[in-house]
Amino acid sequence: MSFIKRKFIISAAVVVIVAFFGGYSYFRLTHFNRQVSINGLNVGGLTAAQALNKLKNYHVSQTVYLKGEVLEHHQRSSSGFSSQDLAKIKQLVKKQRTFLPSAKDRQFLLEPTANGDQQTKSVQAELKNHLSQLNQKRQAPVDAQAVFSYGKVSITAPKNGNQYDVAQILNQY
């Protein structure tokens with residue numbers, strides 16, 4: 001084999017290897033690993049734009065539990081993700097990036113930029129109303145009190161109640 005032919009074959013092999021590793025590196029830089037999920041939705045193998053589209057089209061159900069029992073259940077019309085969230089998703093691609101494919105489970109939680117404040121307020125109002133209705137059937141706690149009667153001061157015992165603290169529950173929600 002002549003020197004020029006050998007040099008051409010080696011150059012072609014180097015170009016193929018560089019193109020392969022360049023394409024492979026580009027894929028690893030722009031795609032999620034296989035076992036990655038955002039908000040419980042698998043986005044493995046997708047680009048940031050594809051993951052955003054999948055998150056946009058995902059319909060969210062929201063269940064509020066209180067002491068292990070379902071208190072409220074709502075079906076939202078959308079997840080609240082928009083094109084404004086693309087930068088956040090690209091950050092997640094960078095965060096989970098590995099050179100070699102990884103089978104490690106990675107789960108990310110991501111709050112949409114426009115998190116549906118109107119829907120959240122609606123759910124909170126319904127939750128407040130429901131808790132108020134439940135509290136009507138429950139006993140309110142009574143604090144201890146100092147009582148002046150027949151020239152003596154006495155203290156009444158406190159009584160435990162079983163009403164829900166609506167403000168605290170709404171704050172936790």
Side-chain angles (χ1 to χ4, degrees), residues 30-97 102-173:
T30 59
H31 289 72
F32 282 104
N33 287 326
R34 290 281 169 209
Q35 301 299 325
V36 175
S37 63
I38 299 175
N39 297 354
L41 189 63
N42 187 347
V43 293
L46 301 178
T47 65
Q50 291 169 332
L52 176 62
N53 192 37
K54 190 171 184 177
L55 287 167
K56 277 184 186 177
N57 295 323
Y58 184 65
H59 294 287
V60 178
S61 66
Q62 192 172 32
T63 305
V64 179
Y65 292 92
L66 184 63
K67 295 185 179 181
E69 295 181 20
V70 174
L71 192 61
E72 292 280 330
H73 181 76
H74 298 275
Q75 185 71 29
R76 287 186 171 197
S77 58
S78 73
S79 62
F81 285 96
S82 66
S83 55
Q84 296 173 339
D85 298 307
L86 185 60
K88 290 181 185 179
I89 295 173
K90 285 181 179 180
Q91 289 296 323
L92 293 180
V93 171
K94 288 180 184 178
K95 190 173 184 178
Q96 62 85 49
R97 185 181 304 160
S102 174
K104 180 180 177 185
D105 267 346
R106 299 286 308 260
Q107 297 183 14
F108 296 105
L109 292 176
L110 186 64
E111 185 75 23
T113 300
N115 64 355
D117 281 340
Q118 188 63 27
Q119 288 179 342
T120 300
K121 288 178 183 177
S122 169
V123 171
Q124 281 183 328
E126 289 180 33
L127 183 60
K128 182 178 181 179
N129 185 32
H130 188 80
L131 287 169
S132 297
Q133 288 176 356
L134 289 175
N135 276 344
Q136 289 176 356
K137 299 175 186 173
R138 296 174 158 270
Q139 183 157 351
V142 177
D143 292 333
Q145 297 180 13
V147 178
F148 183 72
S149 171
Y150 300 110
K152 288 175 43 176
V153 175
S154 61
I155 298 178
T156 61
K159 294 180 184 176
N160 289 331
N162 60 358
Q163 283 189 341
Y164 297 120
D165 185 351
V166 176
Q168 183 182 12
I169 292 172
L170 289 176
N171 187 33
Q172 288 179 357
Y173 169 78

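Please read these numbers as outputs of a predicted model, since none were measured by experiment.
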* side-chain contact (heavy atoms from CB on, under 4.5 Å) assessment of I155 paired with V147 -> CA-CA 6 Å; I155 298 178; V147 178; over 6 Å; no

side-chain contact (heavy atoms from CB on, under 4.5 Å) partners for [X], two or more places apart:
| X | answer |
| --- | --- |
| A87 | none |
| K90 | A48, L86 |
| Q96 | F32, N33, V36, V93, R106, F108 |
| N53 | N57 |

Work out which heavy atom in [X] is nearest to a heavy atom in [Y]; give both atom names and the distance.
| X | Y | result |
| --- | --- | --- |
| L110 | F81 | O-CZ, 3.4 Å |
| L52 | S82 | CD1-O, 3.4 Å |
| Q50 | G45 | OE1-O, 4.4 Å |

* **Sequence neighbours excluded, every pair satisfying side-chain hydrogen bond (donor to acceptor under 3.5 Å, both in side chains) that has a member inside residues 142-163** => none

* To do: Apply side-chain contact (heavy atoms from CB on, under 4.5 Å) to the pair L55 and D85, showing each step before the final yes or no.
  => CA-CA 10 Å; L55 287 167; D85 298 307; over 6 Å; no

* Can you measure from CD (Q107) to CG (N42) and round to the nearest 0.5 angstrom? => 10.0 Å

* CZ-CG distance between R34 and L46, expressed to the nearest 0.5 angstrom -> 8.0 Å

* Residues, nucleotides or ligands: over 12 heavy atoms within 6.0 Å of K54 NZ -> yes

